[in-house]
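The next block holds one structure in the form of structure tokens; read it before the comments.
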4 protein chains.
Amino acid sequence: MKDVETQRNKQLDRNSLLKSYKKVRSFSHKLAKPLSKEDYVVQSMPDVSPTKWHLAHTSWFFEAFVLSKTISKYRSLHPQYNFLFNSYYVQVGDRHSRPKRGLISRPTVDEVYEYREYVDKNMLKLFKTLNDKKFSKIAEVIEIGIHHEQQHQELIVTDIKHVLSENPLFPTYKNSADIKKGKGVSGHKWVEFEGGIHTIGNEGDNFGYDNEFPLHKTYVEPFSLASRLVTNGEYMDFINDGAYSKAELWLSDGWNTVTLNNWEAPLYWIRNGNRWDLFTLGGLKKIDLNQPVCHLSFYEAEAFARWAGGRLPGEYEWEIATKGQKIEGNFVDNGNFHPVAATNNNGTIQQMYGDVWEWTRSPYSPYPGYNPPPGALGEYNGKFMCNQIILRGGSCATSKSHIRNSYRNFFPPDSRWQFMGLRLAKDAK
Amino acid sequence: MKDVETQRNKQLDRNSLLKSYKKVRSFSHKLAKPLSKEDYVVQSMPDVSPTKWHLAHTSWFFEAFVLSKTISKYRSLHPQYNFLFNSYYVQVGDRHSRPKRGLISRPTVDEVYEYREYVDKNMLKLFKTLNDKKFSKIAEVIEIGIHHEQQHQELIVTDIKHVLSENPLFPTYKNSADIKKGKGVSGHKWVEFEGGIHTIGNEGDNFGYDNEFPLHKTYVEPFSLASRLVTNGEYMDFINDGAYSKAELWLSDGWNTVTLNNWEAPLYWIRNGNRWDLFTLGGLKKIDLNQPVCHLSFYEAEAFARWAGGRLPGEYEWEIATKGQKIEGNFVDNGNFHPVAATNNNGTIQQMYGDVWEWTRSPYSPYPGYNPPPGALGEYNGKFMCNQIILRGGSCATSKSHIRNSYRNFFPPDSRWQFMGLRLAKDAK
Amino acid sequence: MKDVETQRNKQLDRNSLLKSYKKVRSFSHKLAKPLSKEDYVVQSMPDVSPTKWHLAHTSWFFEAFVLSKTISKYRSLHPQYNFLFNSYYVQVGDRHSRPKRGLISRPTVDEVYEYREYVDKNMLKLFKTLNDKKFSKIAEVIEIGIHHEQQHQELIVTDIKHVLSENPLFPTYKNSADIKKGKGVSGHKWVEFEGGIHTIGNEGDNFGYDNEFPLHKTYVEPFSLASRLVTNGEYMDFINDGAYSKAELWLSDGWNTVTLNNWEAPLYWIRNGNRWDLFTLGGLKKIDLNQPVCHLSFYEAEAFARWAGGRLPGEYEWEIATKGQKIEGNFVDNGNFHPVAATNNNGTIQQMYGDVWEWTRSPYSPYPGYNPPPGALGEYNGKFMCNQIILRGGSCATSKSHIRNSYRNFFPPDSRWQFMGLRLAKDAK
Amino acid sequence: MKDVETQRNKQLDRNSLLKSYKKVRSFSHKLAKPLSKEDYVVQSMPDVSPTKWHLAHTSWFFEAFVLSKTISKYRSLHPQYNFLFNSYYVQVGDRHSRPKRGLISRPTVDEVYEYREYVDKNMLKLFKTLNDKKFSKIAEVIEIGIHHEQQHQELIVTDIKHVLSENPLFPTYKNSADIKKGKGVSGHKWVEFEGGIHTIGNEGDNFGYDNEFPLHKTYVEPFSLASRLVTNGEYMDFINDGAYSKAELWLSDGWNTVTLNNWEAPLYWIRNGNRWDLFTLGGLKKIDLNQPVCHLSFYEAEAFARWAGGRLPGEYEWEIATKGQKIEGNFVDNGNFHPVAATNNNGTIQQMYGDVWEWTRSPYSPYPGYNPPPGALGEYNGKFMCNQIILRGGSCATSKSHIRNSYRNFFPPDSRWQFMGLRLAKDAK
């Protein structure tokens with residue numbers, strides 16, 4: 001973890017770390033609360049994991065990278081849990097096949113909560129008893145574990161949405177706290193940004209994953225971003241223009257994906273006679289044209305941008321545009337579990353954070369000079385740097401304390417089950 | 001249902017039917033009792049259904065074929081249950097895709113039990129209130145529904161076995177009541193039977209599925225059957241002789257199946273260093289060489305028979321050999337949930353009923369003159385008469401009251417997850 | 001080959017065998033003559049083999065089973081040909097993967113003809129020089145090799161038809177000699193046959209494959225067969241009645257096959273606006289309603305029979321009906337390469353031989369007492385006795401001298417590329 | 001084609017274009033000359049096209065984009081050729097399914113050469129008869145057509161290599177002119193390059209595809225490139241170190257690809273007892289350790305670089321390093337059809353052009369400000385800008401006149417059948 005440590009400029013405070021740990025751990029329970037035990041078990045596609053698995057895996061992370069390395073002769077609650085709840089860290093040993101996570105009825109939900117309790121008990125003991133020198137050695141990893149759990153909290157939300165969507169009964173996870181109908185979102189304005197040499201990456205004052213480092217320079221042409229996200233209404237125009245049957249609008253792989261899967265709208269859009277309904281975590285709803293369009297693939301976002309006469313932003317452009325901006329938006333903390341309509345029409349840039357992850361046009365690549373940390377945690381990010389596309393800004397399923405200006409999320413271009421949307425960009429004249 | 005009715009010679013008695021109904025319905029609950037709620041949800045392969053689904057589907061059967069046809073304006077507990085719990089009766093409407101049964105977390109287990117209660121309440125009302133004329137019209141279908149539920153009880157057992165086997169923790173369903181180690185099963189004897197014209201099929205004094213009719217004549221050459229089932233010990237000789245890598249022992253499709261799936265032993269045989277373990281409903285055990293071999297495909301049974309210098313019995317041969325024999329054996333009623341070793345060595349024929357379904361060499365075909373009943377219940381058997389093989393005799397997961405001499409079970413030749421085994425046959429000199 | 005020998009009652013005559021050998025070998029060349037070199041290479045699906053391969057494989061058969069076993073230190077023309085041109089005889093050594101036969105551009109067509117010449121030269125030497133004792137040892141196998149080549153001649157015809165059909169240019173193989181339009185084929189009559197005990201199988205006076213033995217008794221109920229084959233016109237009524245979208249008409253596996261492959265008509269029926277065209281070896285034609293329907297699967301034949309109120313014949317029924325009948329019909333010898341319409345309407349049974357192979361309802365199973373011959377030739381038939389259905393009577397691509405009353409052809413139930421059709425049957429009152 | 005025109009700074013000369021046209025067209029015939037007619041037909045995997053198809057498709061290109069747009073009422077030689085020989089231009093109409101190109105035995109090889117002659121005749125007429133104004137309108141497209149045919153010439157070579165490699169006879173295409181054994185290639189040296197702002201892209205004095213435009217600035221950190229390509233010997237060390245079974249060396253998708261396909265060496269490496277042989281266009285050879293390693297995927301190149309302590313170059317780095325360098329190397333013009341060993345050990349940079357395409361670490365993305373040309377030719381490059389990786393420098397199958405400093409080749413990261421290799425890079429200290 002040496003490289004990660006050096007990337008961090010300031011010392012971690014034990015008390016605030018403990019507070020974060022407790023807060024984040026209990027938030028997982030809060031998210032799972034509306035579920036029946038049966039809901040915890042299902043894996044509706046290989047990308048999705050059962051809630052039960054997320055709750056166990058995030059605990060396993062602390063066992064594998066903190067407890068077992070700090071407490072001598074540490075014993076897990078069950079000898080097989082290291083096998084069952086390792087996700088992909090090949091250096092930590094064999095692991096259970098990902099597409100089979102939904103076949104594992106045991107440990108039961110109750111047993112998983114016992115496991116969480118067991119891990120928490122041991123972690124709290126560490127927080128209390130370790131001397132400063134020893135604690136400083138693991139503080140970084142605990143912090144990663146906390147952010148790791150926040151990532152899985154987002155997956156708990158998006159995965160259970162997919163699970164429930166497969167059920168013809170269209171069950172409700174939770175009624176949204178506050179999705180008032182958007183009223184009259186007007187056309188976006190273009191906001192211009194200057195070109196030239198910019199500094200990109202995590203400046204190291206706060207937490208960052210290895211893929212945000214090192215800080216480096218890049219040369220960018222002047223560009224413009226749309227003042228808000230693309231809406232359902234705008235996207236419906238694209239559909240109504242026959243876009244899903246016009247090959248010339250699409251990337252070649254995109255068109256193959258569309259035809260192979262018979263896509264004719266984003267995920268969770270459900271044709272209901274002449275209108276479209278939307279499956280949400282609050283159940284099946286009539287589509288609100290003012291809300292940001294959501295659950296579309298990179299291919300769809302890219303084709304829409306072409307059709308609309310624009311393009312997707314580069315990830316550097318997005319980062320430049322939000323530099324120094326306050327982190328505000330519709331996060332999971334709000335309890336909406338759905339993106340909300342833009343609220344002002346004055347042309348200032350909005351919705352950069354929260355609501356939906358914004359597809360960029362940047363393939364996920366290492367920054368110049370990037371080096372993954374040694375050991376199993378080096379597998380966290382680096383090995384996925386191929387065939388994936390960068391998304392920026394967080395969504396309505398992201399924790400506010402998890403997101404930042406330099407945060408690089410990434411998914412394969414055909415992924416749709418995250419809260420994914422887009423904002424238009426264009427070259428400046 | 002007219003054809004079915006005429007196939008039955010005696011009148012059904014309302015009281016004994018009610019008694020059967022209650023007994024069978026409550027036995028389903030008894031079978032599910034050892035499970036956690038999470039166990040009810042999982043579908044480990046397309047052939048397997050979640051326990052929850054079996055419990056609901058057997059109730060739906062009474063709704064679809066009895067209640068909705070007898071009670072005017074009958075309302076199901078939920079309008080979507082007809083869609084979710086129809087298995088394959090195309091004439092009853094659309095149905096939920098079979099391989100997706102494990103994605104349906106709702107209705108929950110509790111809701112499924114409510115559904116069963118709702119159906120039972122309505123059924124009991126019918127039993128009580130219908131006049132004789134009306135009742136006689138539905139008595140046959142109720143009887144089919146009872147046998148149908150018994151079939152699904154067998155599937156509850158075999159399906160949960162498969163589900164639990166996919167779990168690296170190897171959970172236990174229930175400790176067997178009575179699987180004492182077999183001691184010293186000696187070599188089988190040959191029991192001879194006469195050839196000539198025999199009468200085959202259900203004689204109509206008791207219940208029978210349509211595929212057991214009509215009673216008809218057939219010409220059979222003299223033959224011999226082994227006095228007992230093939231054992232694990234005998235099958236292990238076959239394995240140790242390299243049978244799984246000798247193409248010449250196998251049917252062409254069998255060899256393709258073996259190589260495609262890398263089979264090297266029956267299902268649930270788990271290599272443990274130099275020995276073989278067996279996954280059972282009582283957990284992982286060391287193999288008992290005296291017990292009947294089990295969970296093998298038709299291909300394996302057929303290849304074993306060839307290797308052993310014999311052949312599989314024809315289904316007529318099996319039926320002729322058991323004609324008039326008392327129905328006794330190791331059934332699900334015993335609570336073993338596993339086949340047990342042969343007990344006598346005196347050369348008389350044994351284990352014809354119970355323990356394991358015996359693969360015959362007979363493809364599943366209609367009897368001469370067969371006609372499926374009209375309507376949706378005509379789909380019960382007839383439409384599966386292709387690419388399947390007949391098995392006879394019931395297993396340790398079959399109810400004793402469900403099996404009979406003319407009973408024709410059938411599965412595709414590569415199926416292994418039922419309690420399937422074999423007995424050798426040969427042509428008489 | 002001992003068992004095969006004993007199944008034959010009379011001695012083979014060397015001269016007539018030589019005559020057959022020459023005639024059959026040269027007929028292969030005649031069939032290939034209309035082809036361009038490029039046509040010889042293509043494999044349009046795994047079931048199809050390139051013409052080049054058939055020509056080489058039939059020669060390899062004589063090398064593997066005659067020359068290499070009779071001539072000491074016999075050397076094939078090329079050491080790799082045994083690998084390339086073995087079809088499935090596992091006991092003769094490894095072999096080239098079947099679906100990759102179309103990837104092998106070498107040996108070239110000219111080289112394959114050289115190979116044939118090389119084999120013929122060696123075979124003719126054997127015919128001339130072997131003493132009677134030695135010759136009698138191989139005469140049976142040579143006879144099998146001749147019949148084997150006739151089987152592949154039929155495949156040359158059906159395979160090149162499939163190859164050409166994949167080409168949007170719809171090339172012509174050869175203009176048919178004599179497919180006059182059928183005129184006014186009237187409705188079929190029913191021809192009755194008696195039940196009781198019948199003798200089935202090859203009587204051993206002439207050649208027969210092992211699967212036609214042993215001669216044995218069977219008990220059959222009285223039955224009726226239609227006086228002629230089902231026509232395109234009758235089948236079009238079935239299509240127009242919506243049969244391809246009515247699940248209740250089909251076997252379960254049949255319905256799955258229909259929906260998976262989007263079948264809406266037999267193979268080679270091509271929708272042309274409001275009418276149907278037919279791809280034939282003479283090019284694309286308008287459908288002739290009087291000709292026998294052809295290129296349909298067992299599933300389609302079986303569903304048609306149900307729809308028409310009849311059923312398919314059992315293979316025993318077909319054999320009983322043709323016992324003693326003269327072998328006449330529209331064979332490959334006629335040069336039509338297509339079935340022709342029935343010619344008389346007087347109710348006598350016709351078209352039993354030639355035109356199209358008739359699907360029976362009999363799964364391909366061993367006859368009682370069947371034993372495959374020892375050695376590699378034992379793989380000729382026995383190992384395919386699973387998941388296949390019997391067809392009887394030969395087709396317009398079969399040589400007249402190849403077919404007989406006891407001949408059992410077999411294909412999987414979803415096969416369509418052979419000239420396959422059907423005749424209706426029903427139980428006698 | 002307006003955009004393409006404006007990207008070009010100087011006028012095209014009709015005579016030199018005609019000379020190029022003739023030279024390139026006849027070179028296709030020269031490449032095909034060693035083949036038998038049967039070789040022209042085969043498609044050994046979906047990525048590969050039959051030689052016959054390449055010869056026809058490159059002619060179709062001139063028909064579709066020049067002849068049919070310039071000659072009024074132009075008629076192709078056959079109305080279906082537009083369907084058969086369109087590769088992927090959706091705006092030019094429907095097209096034949098790519099994976100089925102090997103099923104089309106007609107048009108025959110002779111007919112394809114007639115087609116080429118027909119197109120050439122019409123093209124030459126245009127060259128001769130068009131007035132300058134009209135000619136200037138099509139000159140650019142003719143030039144693209146010439147470069148397009150050169151691309152397919154490279155594919156003719158790589159595709160026939162793959163076709164022949166599938167044949168267990170390992171046929172020879174042609175004996176290499178000049179692959180002397182490399183002798184004693186010593187360790188590479190590092191060559192340093194300066195960082196800062198560089199100009200990237202095609203400067204417009206000569207031909208370039210749209211994806212090389214616009215010329216633009218980029219900021220690059222200082223870097224070093226290895227003085228030569230990685231050799232078979234170095235790669236064998238990687239294999240012998242167990243790299244193909246060490247997950248931690250690989251990108252996640254790379255590891256999945258390796259395990260799914262059981263890769264254990266580059267394509268065309270064939271284990272021969274204890275040593276490795278190499279399938280080449282000159283037949284099967286013992287591996288020469290001094291030759292550049294070839295036919296490996298991006299995944300293998302990337303993993304090798306990590307294992308070797310370096311990384312792959314970025315495409316900008318490669319372009320900066322070759323700026324102004326003379327284009328020299330082992331091209332298809334040499335007739336080797338195989339990469340040759342590095343010749344000097346003095347530490348100057350070598351093998352930048354020819355031998356093998358060099359994998360970079362750059363995903364294929366549009367340059368800032370990129371716009372595809374309007375119309376069907378806009379599909380040439382832009383729509384493939386996803387899931388592909390840039391390669392630079394040309395190979396032993398590339399024409400010398402086809403390659404340039406700004407040339408961007410691209411393939412999916414699991415492709416191996418092109419002559420693909422690598423050169424190491426590293427960050428400067």
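Quick note: numbers below take in every heavy atom, side chains included, and nothing from hydrogens, waters or symmetry partners. Naming convention: chains lettered A, B, ... in sequence-line order (proteins, then strands); numbering from 1 in each chain.
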Identify which part of Phe83(C) has an atom lying under 4.5 Å from any heavy atom of chain D, answering side chain, backbone, both or neither.
side chain

Side chain / backbone / both / neither for Pro79(C) at chain D, heavy atoms under 4.5 Å:
neither

Taken in chain and number order and not counting sequence neighbours, the residues that satisfy side-chain hydrogen bond (donor to acceptor under 3.5 Å, both in side chains) with His78(D) are none

Salt bridge check: are Arg271(C) and Asp277(C) linked by an N-O gap of less than 4.0 Å?
no

Looking at chain C, which one of Leu164(D), Ile104(D), Leu84(D) has the largest number of heavy-atom pairs inside 4.5 Å, strictly under?
Ile104(D)

Quick check: closest heavy atoms across Arg106(D) and Pro171(C), and the distance to 0.1 Å?
NH1-CB, 3.7 Å

Do Tyr268(D) and His295(D) have ring centres separated by under 6.0 Å?
yes

Relative to chain C, which segment of Val109(D) carries a heavy atom at a distance below 4.5 Å: side chain, backbone, both, or neither?
both

